[in-house]
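Source: prediction; values computed, not measured. Just so you know, these numbers use all the heavy atoms, side chains as well, and skip hydrogens, waters and symmetry mates. Within every chain, numbering begins at 1; the chains are lettered A, B, ... in the order of the sequence lines, protein sequences first and strands thereafter.
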2 protein chains.
Amino acid sequence: MNDTRRRRVPRPVREQQIIDAAIRVFAKRGYHAASVDEIAELAGISKPMIYLYLDSKEGLFIACLRREAARLVAAFQDAAGHAPSPELRLRAGLLAFFTFVTEHRDSWVVLHRQASELSPAIAAELTQARRAVMAEVAGLVRVGIVESGGPAQAGEQDADFVTYALVGAADSLTDWMAKHPDEPPERITLRLMNMVWVGMRNVLGGEVWAPAEDG
Amino acid sequence: MNDTRRRRVPRPVREQQIIDAAIRVFAKRGYHAASVDEIAELAGISKPMIYLYLDSKEGLFIACLRREAARLVAAFQDAAGHAPSPELRLRAGLLAFFTFVTEHRDSWVVLHRQASELSPAIAAELTQARRAVMAEVAGLVRVGIVESGGPAQAGEQDADFVTYALVGAADSLTDWMAKHPDEPPERITLRLMNMVWVGMRNVLGGEVWAPAEDG
DNA sequence: CAGTAAACTTACTGACCAGTAAGGTTAAGG
DNA sequence: CCTTAACCTTACTGGTCAGTAAGTTTACTG
């Protein structure tokens, strides 16, 4: 039992431990219902340390957001960066996303829109993180549209629309994953690509869904 | 000025006024940050009335949830109930949804997943409402799959998947709407149908998106 | 083995807020 | 007009919790 119960840990390490604990508590209770005391206890530390290192409850939450958002965006970019075509990049990015959510469920819960009841500073942080992801996706979609023969300039608004739909779908499929724990991220990714990419190509290619007026 | 500042309003009317005010405050602040005092003030009434009529803060929130969820589900069902084909029913339902969100933005914000930090009773209520909508959509999707020539039994899990993706997309497009206030619900509905329904048909019809290995 | 700075603690306070006790006021029916 | 019940209020309490003051302990450094 050398340093398993190590007291007196250097600041950078403690900060990460505090953030680890905070993510678990914020995920479980939500921002307002979470108490700093509970986070301190889970981190195995006393409350003033949190205020010394992270300033305030809001500062602590922002630190959680920043760290996990950076991790998620990095996972997406690393995965998407190396594939040769936009389709494959999107596939790789989505796979990285679903894998991240599987492996860091609490982080995802914290990132996943608690925005409504938060202070402007926090809301801005969340918006920032979401925008980064959306921009990434939108870029791929836009290129995909152009390469699929879509109009280069009309793609602007259309790409944005598709991106919102796609991100929202991925978002929601997160819940579907929880109901089907044995379904691997790969299969989910493939299914979603099937739905969205094929549909998108058809839409941009002019194959329009018509109301098919009854008669 | 007959009864514009009517005092002494009968209970059922007051209850609705209280719920109206509560929805606005809950939407603005979120459940925990909202104070009953503020709701009471906005409703033009004193706090004990809320406790007399709605029992508790939680009871008040549940009342909001129930009323607005019922309205949303009703709008969806009324719209979807009369069209002849599943495609048209889904189209009508989505249109009703986007219209509802446009016209009752606060209600939508309240319904729109604050579930994480809520008591079990409230979370159950929200889950209930969401399940009702999902079941409605899933039914349409399932019929649509079968009518599009998909496998009758394999449709079970697939329909669920498509439903999650579709609901999530609609959900997220809600934010897109906020960025494009001049875009009418009709166009949004059409675009989404284009993306999802066409894509879904292709998936079920065996037209699979292939990774298209590079070379 | 000092001296010192970083790491850490106990024990508080002040504000906010859900919920309530105790009673005041007006409409509606006799 | 008088009763009664529905409607409504002022003024409080008790608990929770973010944030802090003041001091203690351990590890590193010369």
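- Qualifying salt bridge (Lys or Arg N to Asp or Glu O under 4.0 Å) partners for B:Asp37, counting only residues two or more places apart in sequence or in other chains: B:Lys47.
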What string of B, S and - do you get for nucleotides 12-30 of chain C, 5' to 3', when a contact is any protein heavy atom under 4.0 Å?
------BBBB--BBB----
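- Taking atom CD1 on A:Ile45 and atom P on C:dT10, their separation rounds to 12 Å, with Å as the unit.
- In terms of phosphate contacts, A:Tyr53 brings no side-chain nitrogen or oxygen within less than 4.0 Å of OP1 or OP2 of C:dA6.
- Remark: C1' of D:dC28 and CZ of A:Arg11 are 18 Å apart, rounded to the nearest angstrom.
- Atom CD1 in A:Ile18 sits roughly 11 Å away from atom C1' in C:dA7 (whole-Å rounding).
- For residues 83-105 of chain B, the ring pair (Phe, Tyr, Trp, His ring centres under 6.0 Å) pairs, not counting sequence neighbours, are B:Phe97-B:Trp108, B:Phe100-B:His104.
- In terms of phosphate contacts, A:Arg14 brings a side-chain nitrogen or oxygen within less than 4.0 Å of OP1 or OP2 of C:dC8.
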Atom pairs and distances, side-chain donor-acceptor, residues 18-25 of chain A, under 3.5 Å, sequence neighbours left out:
from    : atom 1 : to      : atom 2 : distance (Å)
A:Asp20 : OD1    : A:Arg67 : NH1    : 3.2
A:Asp20 : OD1    : A:Arg67 : NH2    : 2.7

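- Residues A:Ala96 and A:Ala79 come closest through the heavy atom pair CB-CB, 3.6 Å.
- Using a 4.0 Å heavy-atom criterion, one finds that A:Leu52 contacts no nucleic acid atom at all.
- For A:Ser46, the side-chain atoms get nearest to C:dT9 when compared with the rest of C:dT9, D:dC7, C:dA7.
- The separation between A:Glu41 atom CD and C:dC8 atom C1' is 16 Å, rounded to whole Å.
- As rounded to whole Å, 14 Å separates atom P of D:dC8 from atom CG of B:Leu54.
- The salt bridge (Lys or Arg N to Asp or Glu O under 4.0 Å) pairs that include a residue from residues 49-58 of chain B number zero, where partners must be two or more places apart or lie in different chains.
- Sorted by first then second residue, the salt bridge (Lys or Arg N to Asp or Glu O under 4.0 Å) pairs that include residues 100-109 of chain A, not counting sequence neighbours, number zero.
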